[in-house]
Structure formats: C-alpha cells, structure tokens
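First the structure, in the form of structure tokens, and then the observations on it.
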Amino acid sequence: MSRRPLSAPLAVAAVSVTAVVGLDSSGLLSPWWSLFVDDAAQFCAALAATLACWITAARHSGAQRRWRLWMGAGTCGWLFGQFVWSWCQLFRDVGLPSPSLADVGYLTLPVFALVAIIALAADRPGQGAPRRRTEWLVMVLDGLIVVGALFVLTWATTLGPVVRAGAATPLAYLIAIAYPVTDLLLAVIIILLVAAVSTDRLQLIVLGAGLLCLTVSDSVFAFRVAAGAQSMPPLANAGFIAGHALVAVAALTPAPTRETPRWAVRPHARWGHLLLPYVPVAGTGVLLIVQLVRGIPMDDVEIVVVTVVISLLIIRQAITLVQSAGLVASRARLVLATDQTRRQLERDLHDGVQQRLISLGLDIRRAEANVPPELTQLRQQLSAVVAGLSGTVNDVRELSRGVHPAILTEGGLRPALRTLARRSAVPVDLDVRVDGRQPEPVEVAAYYVVAEALTNATKYAQATLVHVCVQVRGRNLYLTVRDDGIGGADPERGTGLIGLSDRVEALGGTLTVESPAGQGTRLEAEIPLDQR
C-alpha cells in the first residue's frame, strides 16, 4: 500500500493543529474568542472525522466497513459532547462543565473506538474465525488486566487523593474514575494490537496514533477536572484536534491489499507478550503490600478493581491452559498422522515400485536368455540394464527403509533396534529389556531416537562405542543412549535433536541431553505407554 496519499492529509492536520494552538497561545485574541477558536477547532475536527468514517464506509465492505461505522459512531458521540461543552463554556460561562451531558457524549468515544480498532486489527487473511476470536479474547483480557493494575497504581499514588478531594458528588466521583479507566483501556489495547499485527499495519497505526492523542488530552482533562481547575491550556487541547484529524486520515487510507499476503514464521515463544499482564500486576501487588505494611488500608475502589483483576487473571489462565492442552493434542495427532503417511509410503515403495522393478528385471532376464548367441552386443546391453535395475531396487529398498522401517512394523522394537545396531558404523552395546509389542507411536518414537543418536555419534561425536538401553518400568518406556565421544552436542543447533524432542513431547514424554565437552553424550527419553 502506497504511503504517498497520506502525506497531504497529514500535512493539513499538522498545520491546522499548529495554527490553532499558536493562535490561542499568542495573546492576540480575547479570552472569549480564544476559547471560541479552541472549541470550534475541536468541533470541526470531530465533525471531519465523523463524516470521513461514515462516507468512506459506504465504499467498503466487511471489517473495513464495520470499523469505520463504529468509529464514526464514537466520534459522533464525542461531537455531541463537544457541542454541549462549548455551549456551557461560551454562553453559560462555565469553566470546565463536568459532570454534565457532555460527559455522556465524551465517554461514548472509547467504547465505540475499542470495538472499531479490534475490528480493524481482526481484518487479517489466513486465519480461521475460532482462532481470531480466541486471540482477540486473550488480547482484550490482557488489556483489561494491564489497565486494572495501572489504574490501581495511579489511584493509590496520585489520582485517588485528587478525586476524593475534588469530587463533590457521587456522580462526579464516578465520572472522574471513568475517564482514566477508559483512557487506559484504549491506550493499552492499541499498543497490544499494533504489536500483534505483523502485516499491513499502516491504517491501524494511524488510527491508533489518533486515539492515543485523544486519550492523552482526555487524561489531562480528567485530572484537571478532579483537581478543581477552571480551564484547559490550549496545548492540552491539541490532542483532541490532532486525534480526530488522524482518525479522519485513517478512514481515508485505502484498505490493505490482499493479493500477496505475507506470512511470518515465529519459531520461538514471545515471552514479552506472554508475561506482559503479569508485570504491572506484580508491581501493583508490591505497592499494596508496602502500603499495608505502612498501615495504609485499601479503599473500596482498590478492593473492587483488584478483585476484578484477579478474576480476569484466572479467566486468562484457564484459556491459556485450554489452548495448551489443545496444542499438545494437536502435536500428537500431527506426529501420528506423519508416521501413518510414512508407513503408507514405505508400503507403496515396497509393494509397488520395488516389486515392479523386480518383475521388469525378470522379464529382461528372460528376454536375454532368448537372444541368439551371435547377438553378443544386445546380450551385453540387456545384462547391463538388468544390473542397473538391480541397483535401483537396492536404492528403493534403502529409501523405503529410511522412510519407515518395515521391520519395526512387522517385528517390533527389539529386532528393529538390532538391525540399527548391526548397520551402525560405530560398535553398539545393545540392551533391550522389552517383552512383546508396545504401542506403535511409542515404538516409532524410540526407534527414531536411537537412529538419530547413532547417526550423531557416527558423524560428529568421534565415538568408539555406543551403549543403548531400553526398558519398561511401570507405565513408561525408558531409553538411554550413551557414547564415549567428544561431547559438546547442543540441541539448539541441531534440527535432528529438536525434532526428536518435539516427537517425544508430543506423546507426553521427556527428552534430555547431557553432553559436556570431552565427556561424551548421554541422551535419555521417557515415553508413557498409555497412548489412548
């Protein structure tokens, strides 16, 4: 998506904000006209954002239409609040008219904006609806948890005393709390979503920047109202003008293209994202403990918010546990499906391609026997073809054995491991204490663990002897492979060991590798036998 179309609207927005703030701060206007210019600029900016959202919504569909409609509803509510606010300030001579009907309009913006920005962030190809719903649920829970923790921190340190001193009525008290909560929620959700969306983020970033500008000015307004101030400085109101201007720019931004979606591969867990909700919660817990030690009890607001935060943490943890259980089951199904595919491929090679090549070789042998003695050259050519076919049969046999060992399917783990030990270039001391057959996934996993360990001992370890011990104790199969090589094996640098670990863990087992430099390598695996 080209960024050039954004340059002109952004320039106009920047010039407009600078002009209004500069004019209000210049001292050239009387106080009333300065207030009029400031309120009019905010009203016009909100009107432009509303019209831009609703007019462009008609040219789009799906999520691109939905977020514009929701955002337009939010800016329209804010527009109503600004009209009431301006009327009270300009014609009723009320400094900061709160609580009033203006608060009703202002507080609709973060509610609708939250729905709009989540709808925009959800507009991504390549993911199913169930996955998106779970991701956004966790995202919103994270946002609520962070907001709750930050609110308690702010309330306990600065906001609480100011609101208690300035809020004369319960309604004023409630409104004074509502502004910072909604501002914090919107800011945190914006940051989380911008960080989570990896492609086509320009539209989301512009909208998020606009909403962040609104929340900054909104927070300043809430603090000054709670502190009993009678006016807002022009610079503090700049966020209201710039914020709505950026919302309008986001609405005018073309929808991201879908022809060539880019896929991001993230092999490692994003620990920062996973631990994000717990950091502010931990900070809040430390603060509250310090206050209790100092004899400062928690007030009603802190008790309610902390209770809500703890409940949300429990819900988030439950969702995480359900997701983890689903991932473990998915990994197990994937491993089993892969093994079944490999086994079917081995059968196709053995019973299909290999048998056809053998049959073709026999036919050529019969044709060679019927060649007249005087056609020596033709006889030699047919003999060479038969030799080539015989070599191809051997290659196919080795290939099928690498895809899936037929002897493991037919005879079980003991003969399969004996075959591995016999073919190993390094001498193997094999001790198999397994009676009868074990569940097929367990046998396959144990076989590949031993095969990979023997391959590594041959290629890298410079070992002269490998000890392999397999035994069943209780309801688990225990496997140990130990060599006398140079050690220094690092699972993080070898995809083979990582794949083995994934295979074993998918069956509910564990795989550990000990490889100190100069002391050989010891590999241990524990696999549950109950694979129902």
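We use all heavy atoms of the structure for the numbers below, so side chains are in, but hydrogens, waters and symmetry mates are not. One-based numbering along the sequence shown.
- Contact check for Asp483 versus Leu465: no side-chain heavy atoms found under the 4.5 Å cut-off.
- Taking the side chain as every heavy atom from C-beta outward, Val306 and Leu288 approach each other to under 4.5 Å.
- Side chains of Tyr278 and Arg316 form a contact here, defined as non-hydrogen atoms less than 4.5 Å apart.
- For the residue pair Tyr478 and Gln471, no side-chain donor N or O sits within less than 3.5 Å of a side-chain acceptor on the partner.
- Ala116 approaches Trp70 most closely through the heavy-atom pair CB-CB, 3.8 Å.
- Ala457 and Val466 get closest at one heavy-atom pair: CB-CG2, 3.9 Å.
- Counting heavy atoms from C-beta on, the side chains of Cys213 and Leu246 come closer than 4.5 Å.
- Residues Thr521 and Asn456 fail the side-chain proximity criterion, which asks for heavy atoms closer than 4.5 Å.
- With rounding to the nearest 0.5 angstrom, the OH atom of Tyr460 is 11.5 Å from the CD1 atom of Ile486.
- Taking CD from Glu443 and CG from Leu529, the interatomic distance works out to 10.0 Å, rounded to the nearest 0.5 Å.
- Interatomic distance, CG of Leu523 versus OG of Ser501, reported as 9.5 Å (0.5 Å rounding).
- Within the 4.5 Å cutoff, no side-chain heavy atoms of Leu477 are placed close to those of Glu526.
- Checking side-chain atoms of Arg68 against main-chain N and O of Ala251 turns up a donor-acceptor pair under 3.5 Å.
- A 4.5 Å side-chain heavy-atom check between Val470 and Leu413 finds at least one atom pair inside the cut-off.
- Here the closest heavy-atom approach between residue Thr464 and residue Pro427 is recorded as O-CD, 3.4 Å.
- With hydrogens and angles disregarded, no donor-acceptor distance shorter than 3.5 Å links the side chain of Arg475 to the backbone of Pro528.
- In this structure a side-chain-to-backbone donor-acceptor pair under 3.5 Å is missing from Arg65 to Arg59.
- The closest donor-acceptor contact from the side chain of Gln64 to the backbone of Ser61 lies at 3.5 Å or more, if one exists at all.
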Steps toward salt bridge (charged side-chain N to carboxylate O under 4.0 Å, His left out) verdict (Glu505, Arg503) | CA-CA 6 Å; Glu505 290 176 359; Arg503 175 183 285 275; over 6 Å; no

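- Between Pro441 and Leu507, the shortest heavy-atom distance links the atoms O-CD1, 3.5 Å.
- Here the closest non-hydrogen pair linking Leu479 and Ala446 is CD2-O, 3.8 Å.
- Screening Val304, Ile314, Val281, Thr284 for a side chain to side chain contact (heavy atoms under 4.5 Å, CB included) involving Val309 leaves a single residue, Val281.
- Taking each heavy atom of Ala463 and Val426 in turn, the nearest pair found is O-CG1, 3.8 Å.
- Looking only at distances, no side-chain donor or acceptor of Ser424 sits under 3.5 Å from a matching main-chain atom of Leu420.
- Annotation: side chain of Leu382 is not in contact with side chain of Gln377 (no heavy-atom distance under 4.5 Å).
- Of the possible polar contacts, one joining the Asn370 side chain to the Arg366 backbone as a donor-acceptor pair under 3.5 Å is found.
- Here the CZ atom belonging to Phe112 is positioned 11.5 Å from the CG atom belonging to Leu114, to the nearest 0.5 angstrom.
- No donor-acceptor pair closer than 3.5 Å links the side chain of Asp484 to the backbone N or O of Gly520.
- Taken from OG1 in Thr307 to CE in Met298, the straight-line distance is 7.0 Å, to the nearest 0.5 Å.
- Considering CG of Leu417 and CZ of Arg422, their distance stands at 11.5 Å, rounded to 0.5 Å.
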Side chains of residues 144-151: which donor-acceptor pairs under 3.5 Å do they make with residues two or more places apart or in other chains?
none

